[in-house]
Amino acid sequence: MEPVKKDAKTNPSATANIFSQVFFCWLNPLFRIGYKRRLEEDDMYKVLPEDGSERLGEELQRHWDHEVQKAAKDLRPPKLTKVLIKCYWKPYAVLGIFTLIEEVIKVIQPVFLGKLIQYFEKYDPDNMDALYEAFGYAAGVCLSTLILAITHHLYFFHVQRSGMKMRVAMCHMIYKKALCLSSAAMGKTTTGQIVNLLSNDVNKFDEVTIFLHFLWVGPLQAAAVLGLLWVEIGPSCLAGMAVLVILMPTQTMFGRLFSKFRSKTAALTDNRIRTMNEVVSGIRIIKMYAWEKPFSALVNDVRRKEISKIMSSSYLRGLNMASFFAASKIIVFITFTVYVLLGNTISASRVFVAVSLYSAVRLTVTLFFPSAIEKLSETRISVRRIKTFLLLDEIVKSKHGFLQEEKQEPNVEIQDLICYWDTVNVQPLSPVPPSNFPQSSLLSAILGELPHDKGVLKVKGQLTYASQQPWVFPGTIRSNILFGKALHPQKYEKVLRACALKRDMELLPDGDLTVIGDRGATLSGGQKARVNLARAVYQDADIYLLDDPLSAVDAEVGRHLFEQCICGILKNKPRILVTHQLQYLQAANQILVLKEGHMVARGTYSELQRSGVDFTSLLKREEEGPQAPGVETESRSPCSRTLSQNSVVSHTSSIRSTEPVQTVVEESRSEGTIGVGLYVKYLKAGANILVHILMFCVQAAYILQDWWLAYWAGEQEKLNVNGTVTIQNGVNVTEQLNLDFYLGIYAGLTGATLIFGFARSLVMFNVLVKAAQSLHNRMFNSILRTPVRFFDINPIGRVLNRFSKDIGQLDAALPWTFVDFIQIFLQIIGVVAVAASVIPWILIPLAPLIIIFLFLRRYFLQTSRDVKRLESTTRSPVFSHLSSSLQGLWTIRAFRAEERFQNTFDAYQDLHSESWFLFLVTSRWFAVRLDGMCAVFVTITAFALGLTSVLFAGSVGLALSYAVTLMGMFQWGVRQSAEVENMMTSVERVVEYTELESEAPWETQKRPPPEWPSQGLITFDRVSFSYSSDGPVVLKDMKAMFRPKEKVGIVGRTGAGKSSLVSALFRLAEPEGRIYIDGVLTSEIGLHDLRQKMSIIPQDPVLFTGTMRKNLDPFSQHTDEDLWNALQEVQLKSVVEELPNKMETVLAESGSNFSVGQRQLVCLARAVLRKNRILIIDEATANVDPRTDELIQKTIRDKFRECTVLTIAHRLNTIIDSDRILVLDAGQIHAYDEPYTLLQNPDGIFFKMVQQTGRQEAVALLQSAKQVSRVGVDGNLVIFETAL
């Protein structure tokens, strides 16, 4: 594996001084860089040692293992929560002190404020002491704001970091567990679920740590405030507190409901992402079958359910938020209504102390406390999910290898072995073999993947393994072959040559340093198989297990691999080779013949031939074509001579393959700011103008309510000062304000605020979730309609990331942040307006502050946006690495590479932690600066008020209390605006995918007649084809005609353009030139009309999660009887009948409970059902044992007698009986004639290919070709008449 990244810069926070730590000054250099240019990965700081993935993970793992052992002793289930608490409580508890300090100051500040207002109420110009006292209180207000600014952010930074540590440690453990899952456990979980654990569930740790401390601080603070209020306004404060107390449980209830919706949504999201994963992985097949519609229906269905849940939870959130904003209004309203009705007079100092105290406690009680409960309940769900995963069965590590003193022969000894894949069923090797029945299962038993029930299995020596379905991980080809071993150039060259990779390396753009995409997207099947083999060969092991490495390559390469590699480089090692290609059996020292899980025969080739009965009945006569799968065991022996006679031939023509190589494009990170256009697109997707008008009404009501209180207090004060006394009926009566009038208006304003507030929240959420819905649908449709090329150059992870991460943002996070931002923005405008109306000249210091603000925001966003983007791009590799490791699990274990993969995973995690760490720190840097400026604003206001002469105490109170609330709010608002902009990058990425280029329309005006094609005549007229406009041309100026009902074999070396021919026929990219089918020009009709009329049996059989019926017939066009007949025809009926729910059985992820051969048969059954005139078989029999192969050939001969059949094949015996054979070479037609005619030309490619299969096989092939040509003589004339 390559090192994940170059040396990072050392982290300056480790060495920074205390001042720099508090104000985050050590970040300044990074911001300077970020302002000048785009930040790259090299600019990030190294992870601090205590945040390293390995260190954290191992520590938690130790605690967990200890807990599991203890739990086993006490006979109870282990508790993951307990482990987490044990591991992290100490450092986390220390942070509680910060919270305490912060909340104490929040309570003291209003007291200072009250004293300051009192000075104005009792204003006496001559009393200098009072003035100094007032200045003292002003200083108190300012200092407390400053201290708040500092502690708050330090606290948040450290808490979030501890959350990060927990998350990183968890991920480490999950990955470690994933590497040692047993086969049974793999059946209980899916790749999608594990990825979801890593992407969503662990993120809960980041969130929960922030709020936990408020669980104990909240109640404490509430008690303190209650005490102070009692002193200030007496028992009427209880009325306000009562409202708070009622609010708390309702909000907690919201939290409960919310997490209930959340877990339902999570299940649906899992489901949707799994479906998406299959759609993207199987997109080629979906396009060729024209199955886009049922799949889009499937996704839309899941998505609709998901959205309805999201909508409900969004409404909940909206109510929660609105109640939060309304809470302070209701509380103040009730408190003062009670206060006034109890006969007290209202005064400015009392009003504003109460308002400030309530707002201090409100935040904690109505926001942090419920959040703590909500996040805690969410985290518990996640922890439970993770725990279930961590308790799955592990594979039992067997010890292969020698002790130092034993220097004996490496060997594998097996006696009376019985294994089950799944212990529930009793017949051996029952329902879940991952590949062609017994042979692969035998290898998996030797590897220790398959637990054995009875019998002896001893392995002495180091194993290495080449899997049947080749596995490559993202990285360079060289790193795939070396697989962690050191590079020895000579040995490496030797291995490349033996595995026939030399020529390929010369053709690839960067040689063996070419980067392979996800799942080896840039390599052809044959190249992947050879890289897979080369990896096994390069390891210096004692025993080699090779699972059918020859099936994915053509005969010539196969011969080369067998001679140069299996009997060449490896000739002195024990090798166990599973193969279906019987021409190689003579070279084996011992042959085991397996049939349905039993060993039928064993011995050398000649012994088996002599023993007669069994061997021959199984293998029939070898000339006819291979029948049963063999497992050969070879030991140290030179290959027998029969094979080497034509090694000369294979050297001269050594592997000329030219294949178009597609390189993976870099993930686009868009640059610069996000335009207004994008916001318009986003909002247009969901809303209209009325909504926006609504918003302003709310804010107006909101401010007016506060202003009315101040006005009322002012009027009262005027009365108190002037003390107007009127004489009524001879009694002095102090004039009273008209209570009903003032209270009535106050109540009206409060009501308006409430109604508008709730309406606004709900409408906004509705709009934004709708926008997410419509954007998802547009993106999905555009993905379905984009040409296949898009999927070749974009790894699956990247496309899925758009559907999981980005759509997740649009569904949940963005609406909430957006609404929050808009509310705060309007509130800030309100605050400034109120302050200015009281003291107009406050606008003077405000102007420079706003300018500095805007500059800071721009300065910050330059860097923050890059950091955020880096964070999302460094996250992808973590997931890609996980999913590629899960695909190659067996290989990784057989090579004992778990540790190295774990280290790479840790390296990727650390890389992500680097960007995450920066993300946390940069936002704190910004917040501290902003709050500092707010503190300046408060200071100016406070002292300025002290210096001015007569002001109404009410106005002073209003201005000051508003200025103080500005404190947290301003920086939060600016950060939310930045956050919205950052989240808009998700919208941007989604919008980018809604505007992909699309292929030709699915239906056009010109519809072919319904029974077209009735004959199946295909004509290629000067067709050239390339996969992209700038790509290499893979078919050059091709002219050919396939007559109706003709069976044509298509052969050619790897990369000659065989599969491209099919792509051109199906218009997977638009070919140049003309292709006619029954006289209809294919480029003029819709893609669905075209693709539905041709059946294909693809190279990699793809099954989708869902029922067996859905897999055969997604449109439900056929009756049950048809389906069962089709299954009967491909001999799968018995298999399906054994499934628990027969046709309705839901298949495992991508059909992994069927063997490759069986999946291929399902694809054949699909073709049988479609009853089309044209059938294309793309190397369908490459991975199948000869018996299944013959079955497929037989079905094709019977069922498709009336059809035109084009077969691409590696195994010549499958196409030697075709009517004609088309030989391709480098995208051009080399020869096109009857097989027998082609074999008359000794210089032809086809003749050479036949010779390479070995002497016996070649004779047999010639024989078959002769028979076909004899039969053909009479048949051909008839065909000509119909064609003419």
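To the nearest 0.5 Å, atom NE2 of residue H912 and atom CZ of residue R875 are 4.0 Å apart. In this structure, OG in S382 is found 5.0 Å from NZ in K204, a value given to the nearest 0.5 Å. Note that the CZ atom of F205 and the OG atom of S162 stand 12.0 Å from one another [nearest 0.5 Å]. Atoms CG and CD1, from L268 and I307 in turn, are 11.0 Å apart once rounded to the nearest 0.5 Å. How far CD of E306 is from CG of D811: 5.5 Å, rounded to the nearest 0.5 Å. Atom CG of L376 is separated from atom CG of L215 by 6.5 Å, given to the nearest 0.5 angstrom.
Panel note: side chain R303, backbone N777; no donor-acceptor pair is recorded below 3.5 Å. Q160 contributes no side-chain N or O that, together with a main-chain N or O of L920, makes up a donor-acceptor pair within less than 3.5 Å. With H213 contributing its side chain and Y92 its backbone, the two residues share a donor-acceptor pair below 3.5 Å. Side chain of S314 to main chain of F765: no donor-acceptor pair is present (N/O by atom type, distance under 3.5 Å, no hydrogens or angles). The backbone N or O of K305 sits less than 3.5 Å from a side-chain atom of S308, completing a donor-acceptor pair. No donor-acceptor pair under 3.5 Å is formed between the side chain of N271 and the backbone N or O of A267. Side chain of D301 to backbone of A297: no donor-acceptor contact under 3.5 angstrom is found. In terms of modelled atom types and a separation under 3.5 Å, the side chain of Q909 and the main chain of V168 share a donor-acceptor contact. Side-chain atoms of R272 come within 3.5 Å of backbone atoms of F803 as a donor-acceptor pair (strictly under, hydrogens ignored).
Annotation: cation-pi geometry not satisfied between R924 and F157 (NZ/CZ under 6.0 angstrom from ring centroid, within 45° of ring axis). A cation-pi contact, defined as under 6.0 Å to the ring centre and within 45° of the axis, is absent between K177 and F389.
Side-chain contact check for S782 and T994: no donor-acceptor pair (N or O, by modelled atom type) lies under 3.5 Å. Side-chain contact check for N801 and S876: at least one donor-acceptor pair (N or O, by modelled atom type) lies under 3.5 Å. Side chains of Y315 and N766: a donor-acceptor N/O pair is present below 3.5 angstrom, by distance only. In this model, no donor atom of one side chain and acceptor atom of the other lie less than 3.5 Å apart for N203 and E207.
With respect to R274 and E278, no salt bridge is recorded, no charged nitrogen being found less than 4.0 Å from a carboxylate O. Ion pairing of E67 with R76 is present here, as a side-chain N (NZ or NE/NH1/NH2) and a carboxylate O approach within less than 4.0 Å.
Within the 4.5 Å cutoff, the side chain of K82 has no heavy atoms near those of the H63 side chain.
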For this session: Could you please spell out the steps behind the side-chain contact (heavy atoms from CB on, under 4.5 Å) verdict for E394 and S182?
Result: CA-CA 5 Å; E394 297 197 8; S182 67; 5.9 Å; no

For this session: Tell me, with the steps shown, if R317 and S761 meet side-chain contact (heavy atoms from CB on, under 4.5 Å).
Result: CA-CA 9 Å; R317 266 190 160 163; S761 262; over 6 Å; no

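Aromatic ring centroids of F98 and H152 lie 6.0 Å or more apart.
Of the listed residues (L80, D201, V83, V202), just one forms a side chain to side chain contact (heavy atoms under 4.5 Å, CB included) with V383, and that residue is L80.
Around the NZ atom of K805, the shell of radius 6.0 Å holds more than 12 heavy atoms that belong to other residues, nucleotides or ligands. Around CZ of R1109, the count of heavy atoms belonging to other residues, nucleotides or ligands within 6.0 Å exceeds 12.
For the residue pair M164 and F917, the shortest heavy atom distance occurs at SD-N, 4.4 Å. Residues I824 and G973 approach most closely at CG2-CA, 3.5 Å, considering heavy atoms.
Y155 and F214 have perpendicular rings, their planes meeting at more than 60° on a 0 to 90° scale where under 30° would count as parallel. Between F919 and W916, the ring-plane angle classifies as tilted under the 30° and 60° cut-offs.
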